[in-house]
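Scroll down for the structure; my scribbles are underneath it.
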There are 2 protein chains.
Amino acid sequence: MARPVGQGEQTKKRIAEKAKVIFERKGYAATSMEEIREYSQISKGSIYYHFKSKEELFLYTVEKASESWRIEWEKEANQLATATEKLYLLARFYASDMQNPISKIVPEYMGSENIEEMVKEKLIHLVQPEYDVFYEIINEGLRNQEFVSNKNAEDISHILYSTLTGMSITQFLGYDEEKFYLLYQNAIEIFLNGIKN
Amino acid sequence: MARPVGQGEQTKKRIAEKAKVIFERKGYAATSMEEIREYSQISKGSIYYHFKSKEELFLYTVEKASESWRIEWEKEANQLATATEKLYLLARFYASDMQNPISKIVPEYMGSENIEEMVKEKLIHLVQPEYDVFYEIINEGLRNQEFVSNKNAEDISHILYSTLTGMSITQFLGYDEEKFYLLYQNAIEIFLNGIKN
DNA sequence: TATTTAATAAACTGATCGGTCAGTTTACTA
DNA sequence: TAGTAAACTGACCGATCAGTTTATTAAATA
């Protein structure tokens, strides 16, 4: 063995970080490995040394993004007492750059044929934790009667999840960060009104 | 003169119809002209006789989809009296196949670099009518006090628009059509609750 | 110091991409 | 029926794609 310094692991991380930026901006299919090479300043051979395919690189990127999102989330959410407060935090997460629009790319990737069933399942499992955050908040809110609804927690979670992820299209409105966050906040307000006690 | 006009127009329409199916399924970048050729059973040369580029074919597809959506909408919406009823119809439109998930593809396309500003503006104008439907309903509801909110009609419309377009990701839940529609309906219910008098 | 091997770079490959083009077919007219 | 123009075809093009090969480097061990 040689070079166990972790230098390689660092390179791998760098590739993934840079790849994430381009995947987010252009989607899976429109992103070329050449582009990733140029942006990361790491040779093609090195990229393929660390990742056996574009697909694997993408999956790794999604996985890391999902993990760090979850970690960042736990860090801030644990300080909040009510489900209502957590929903507003969720809005801020999704409005800010901190969130990973990479989950927005996943459906596009899933649509491109020839994807093995195993890979699809893996992807779903990668996105699951993000959805779970929604579900847990809704469930908590219903349990302690912060929220009241004739609908089940699962449906409500899916609806809120759709709203927050769907709101990424408002990027075309050209709002500044402040106005952008306000829009997300308004979405939460309306939603809360709709299920509040 | 020769070959009575109209025959070509029919072919053009056929190409666009078939292309739409594939664009919807795979997105813009992942769709190849070869695939469109195979699926439409029309030669490559003929496709390029009618459309000067893949981009133009895509824009044409979006335009036609937007037009027919609007026509279909007017046909059914005009029979409804209240804004509330119209929102439920909107939910049905988005839940059913009748809607055009092509508007979901537009952001992906907009992200792929090298798109001229003029083309971007054209695209925004193509999607605008669909958004206008939302805005008009919300505005109508606020005017006749079906809805009550401290937020302006524009923001509310954007939020609802985001919710309904964002809900396309629930396709991965594998629901049947009935359950699918119910989920959309629930979304409208919560939303309505949130802004209702 | 010699050996080992993870790590890197760069040149390369075959397949596929969007797009072109020379030429053919078709349906009409003069 | 010869001529014409719109409609159409399929072979082909250069560019770019994901991925491979090969040679070299540098850091660890023995």
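Numbered from 1 within each chain, the chains take letters A, B, ... in sequence-line order.
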Here the distance between atom P of D:dT24 and atom OH of A:Tyr49, to the nearest Å, is 19 Å
Relative to the ring of B:Tyr28, is the ring of B:Phe23 parallel (under 30°), tilted (30 to 60°) or perpendicular (over 60°)? parallel
Once you round it to whole Å, what is the distance between C1' of C:dA6 and NE2 of A:His50? 9 Å
Return the value, rounded to whole Å, for the distance between atom CD1 of B:Ile47 and atom P of D:dA7. 16 Å
I need the NZ-P distance between A:Lys44 and C:dA10, as an integer number of Å. 13 Å
Could you list by number each residue of residues 28-42 of chain A showing a heavy-atom separation from DNA chain C of less than 4.0 Å, or answer none if no residue does? A:Ile42
The single option from B:Ile159, B:Leu160, B:Ile156 that satisfies side chain to side chain contact (heavy atoms under 4.5 Å, CB included) with B:Phe134 is B:Leu160
Identify the residue among A:Lys26, A:Arg25, A:Lys18 that makes a salt bridge (charged side-chain N to carboxylate O under 4.0 Å, His left out) with A:Glu35. A:Lys26
Under-3.5 Å donor-acceptor pair between B:Lys52 side chain and C:dG19 base: no
Any side-chain donor paired with an acceptor under 3.5 Å for A:Glu85 and A:Thr82? yes
How long is the line joining NZ of B:Lys54 and P of C:dC17, in whole Å? 9 Å
Between C:dT20 (P) and B:Tyr48 (OH): distance, integer Å: 7 Å
Decide if atom NZ of B:Lys13 counts as having more than 12 heavy atoms of other residues, nucleotides or ligands within a radius under 6.0 Å. no
Nearest whole Å is fine: how far is C:dG19 P from B:Glu56 CD? 10 Å
Just by modelled atom types, is the A:Leu57 backbone N or O under 3.5 Å from a matching donor or acceptor in the A:Thr61 side chain? yes
B:Lys151 meets the side-chain hydrogen bond (donor to acceptor under 3.5 Å, both in side chains) criterion, sequence neighbours left out, with A:Glu189
When you match B:Ser43 and A:Gly45 each to their closest nucleotide on DNA chain D, which lands nearer the 5' end? B:Ser43
Quick one: A:Ile15 CD1 to C:dA7 P, roughly how many Å, whole number? 11 Å
Side-chain N or O of B:Thr11 versus OP1/OP2 of D:dC8: is the shortest distance under 4.0 Å? yes
